[in-house]
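Let me begin by presenting the structure, written as structure tokens, before commenting on it.
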Amino acid sequence: MSDTTTIHAAFADHVRDALEALVVDCVLPAGLPLANVTVEPPRDPSHGDLATNAAMVLAKPAGSNPRVLAEALVGKLTALADVTGAEIAGPGFINLRVADSAWLAELRAIAALGGDYGRSNAGAGRVVNVEYVSANPTGPMHMGHCRGAVVGDALAALLEWAGSKVVREYYVNDAGGQVDTLARSVYLRYREALGETIEIPEGFYPGDYLKPIGALIAEDEGDRYLSEPEAEWLPIFRARAVAAMMDTIRGDLAMLGIHHDLFSSEAALQAAGKPEAAETWLRAHDLVYDGVLEAPKGKVVEDWEPVALPLFRSTKFGDDQDRPIRKSDGKWTYFGADLAYHMQKAESADELIDIWGADHAGTVKRIKAAVAALSEGEGKPIPFDVKLVQMVQLLRDGEPAKMSKRSGNFVTIADMVEEVGKDVVRFTMLTRKPEAQMDFDFAKVVEASKDNPVFYVQYAHARIRSTLRKAAAEGLAPSDADLALLGEAEIGLIKQAAQFPRVVESAAAAREPHRIAFFLYDLAAAFHAYWNLGNDDPSKRFILTDQPALTGARLFLGTQIGQVIRNGLGILGVEAVEEL
RNA sequence: GCGCCCGUAGCUCAGCAGGAUAGAGCACCAGAUUCCUAAUCUGGGGGCCAUGGGUUCGAAUCCCGUCGGGCGCACCA
């Protein structure tokens with residue numbers, strides 16, 4: 001990264017420096033908590049370009065009052081070259097006005113940083129492991145996986161932009177009973193491929209997508225497995241079925257533009273003895289004991305009977321019940337293996353993030369308990385966050401959409417991407433905060449105009465690119481030679497685009513990629529509004545053949561606005577199109 | 001019954017880890033097209049931020065209760 005400083009970072013530093021100077025002057029005591037000090041644009045632009053709440057936040061811990069502090073701070077800040085005004089307002093805000101020349105410098109900074117504008121090193125290179133999707137390898141990806149996939153992927157990119165090293169990981173649940181069922185289902189399709197008439201029992205996977213796998217095995221291996229006992233063929237069919245499903249899933253993910261760095265196999269984890277190691281350690285610390293599971297509450301289970309199982313003391317860490325790590329047949333529960341899996345991830349990361357569907361909300365406490373127990377016990381507590389994405393209700397013209405041509409009973413991601421396109425799916429999933437439920441209506445989302453922010457943002461970018469092409473055809477090019485010709489409207493646009501680095505930083509800190517989407521929407525709106533000034537007043541257009549200097553400056557501005565939009569869309573994994 | 005998430009304009013949603021007079025789109029009303037793409041823009045009406053308390057200089061935002069909606073609640077993943 002170059003040493004080009006963005007205006008946002010510079011002023012955050014300026015305020016911090018001013019506060020330190022006040023410490024030296026003995027106006028402030030040393031060691032004040034600065035975490036809540038913000039430097040950000042006020043909502044009302046008439047209040048200036050930037051405002052800080054420093055005086056209000058620090059008054060109490062400093063044993064002073066906001067007014068006195070603010071006046072001292074203003075004294076320091078007015079001395080800055082880029083500051084043309086500093087005043088105290090409201091309950092103790094300090095409003096700053098920043099010289100136009102500083103905004104023009106920011107425009108040059110965007111140009112200098114290009115595709116890196118907005119990156120920071122706030123994450124300080126810490127390794128963050130983001131586990132997302134992790135759909136069971138028992139079928140193609142469907143809508144239930146989509147939101148988590150998109151949110152996880154955008155979050156991963158966002159954290160990279162904010163200076164973390166990110167590992168994108170997929171946990172392949174290839175060890176439980178479900179993949180055995182998958183193998184048996186494929187075995188049926190295998191027999192079918194060899195001419196038998198089959199019936200698919202309750203509880204098997206009925207989808208047509210298993211037919212080609214069965215057929216392929218029949219082709220490769222002939223009828224040799226027909227007469228063999230299940231114990232012989234099951235592992236083979238399981239391995240082939242899982243491999244085929246993972247190929248399908250990787251294909252589905254690729255359609256969404258998602259590529260994981262690491263696929264971790266649960267079977268491999270178990271083969272390596274990781275769950276045993278965790279159990280041994282937990283037993284040694286009295287965190288696993290042999291106990292009896294309580295009957296579920298609030299729900300009648302008819303054939304419930306008490307069983308003795310090895311239980312993890314998750315209640316010690318805030319869970320409602322202790323949780324079994326092995327089943328009564330001695331095999332690992334999902335949780336028993338998952339706990340070891342999280343330890344495995346923690347070995348090579350500074351921080352863990354899981355993206356889960358809301359239907360797994362009930363298991364958050366136990367896994368957090370396990371990670372806390374193991375990592376604190378090992379003397380290396382690791383920050384661990386589980387992000388829950390809420391359900392998406394699929395609609396078609398307001399009616400619930402069901403049924404897929406491929407799977408028989410659910411809408412697949414492949415179907416959806418084919419119908420509405422990757423960019424629409426991704427952007428739409430990201431224009432809502434993940435913890436709120438959302439509707440996804442095919443009818444609305446394919447509409448290329450209204451109600452569809454993707455096109456709105458892409459259109460802004462396309463307009464800019466189109467204008468640059470048109471200008472080039474007339475021999476006009478962007479130039480920063482005469483930026484002083486830019487006026488109030490243009491500076492306003494720069495101010496808005498200049499928020500990008502701090503939006504990236506705060507979105508990353510809050511783990512909320514949707515903020516990028518809303519920022520882009522606002523920036524696009526500002527651009528469209530600016531553009532339309534040229535409708536009423538031709539002198540406000542980009543291309544003015546008789547004024548090459550002004551045209552060059554405006555094209556330079558447009559180029560950088562386009563760059564910011566492109567960078568933001570890049571985080572979201574949405575294409576910045578050249579034309580619509 | 002218990003746990004987690006949500007409740008902001010008629011509808012769909014933002015609200016930047018507590019800040020100044022709560023915003024946008026859709027819908028509704030009134031306008032802009034000899035234009036670098038009108039897939040756009042300008043203006044207007046519309047809110048007890050579910051509700052009752054609390055915390056403080058300051059609450060849509062944090063805490064507690066209530067109401068309403070969603071998800072989950074044995075060895076399934």
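Hydrogens, waters and symmetry mates play no part in the numbers below; they use all other heavy atoms, side chains included. Lettering of chains follows the sequences in order, A, B, ..., and the numbering in each one begins at 1.
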I'd like a list of close polar pairs between nucleotides 57-59 of chain B and the protein, N/O only, cut-off under 3.5 Å.
residue	atom	partner	partner atom	Å
B:rC57	OP1	A:K60	NZ	3.3

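- For residues 52-72 of chain A, the side chain to side chain donor-acceptor pair (under 3.5 Å) pairs, not counting sequence neighbours, are A:T38-A:N53.
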Legend entry - Pairing pattern in dot-bracket form [Watson-Crick, G-U; both distances under 3.5 Å; | = partner strand] for RNA chain B: (((((((..((((.....[...)))).(((((.......))))).....(((((..]....))))))))))))....
Identify each donor-acceptor pair in which a side-chain atom of residues 520-530 of chain A lies under 3.5 Å from a protein atom, sequence neighbours left out, and give them as a table.
residue	atom	partner	partner atom	Å
A:H528	ND1	A:R463	NH1	3.0
A:H528	NE2	A:Y456	O	3.2
A:Y530	OH	A:E490	OE2	2.7

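- Applying the salt bridge (charged side-chain N to carboxylate O under 4.0 Å, His left out) rule to A:D319 yields the partners A:R323; only residues at least two apart in sequence or on another chain are considered.
- Contacts with RNA chain B (heavy atom under 4.0 Å) in residues 524-534 of chain A: A:H528, A:A529, A:W531, A:N532, listed by number.
- Applying the salt bridge (charged side-chain N to carboxylate O under 4.0 Å, His left out) test to A:E276 and every residue at least two apart in sequence or in another chain returns nothing.
- Take A:R283 and apply the side-chain hydrogen bond (donor to acceptor under 3.5 Å, both in side chains) test, not counting sequence neighbours, and it matches A:E279, A:D290.
- The ring-ring contact (aromatic ring centres under 6.0 Å, His included) search around A:Y170 returns A:H260, A:F263, not counting sequence neighbours.
- For A:D359, the salt bridge (charged side-chain N to carboxylate O under 4.0 Å, His left out) test picks out no residue, with sequence neighbours left out.
- Every residue two or more places apart in sequence or in another chain was checked for a side-chain hydrogen bond (donor to acceptor under 3.5 Å, both in side chains) with A:K387, and none qualifies.
- Under the rule for a side-chain hydrogen bond (donor to acceptor under 3.5 Å, both in side chains), the partners of A:D49 that lie at least two apart in sequence or sit in another chain are A:K495.
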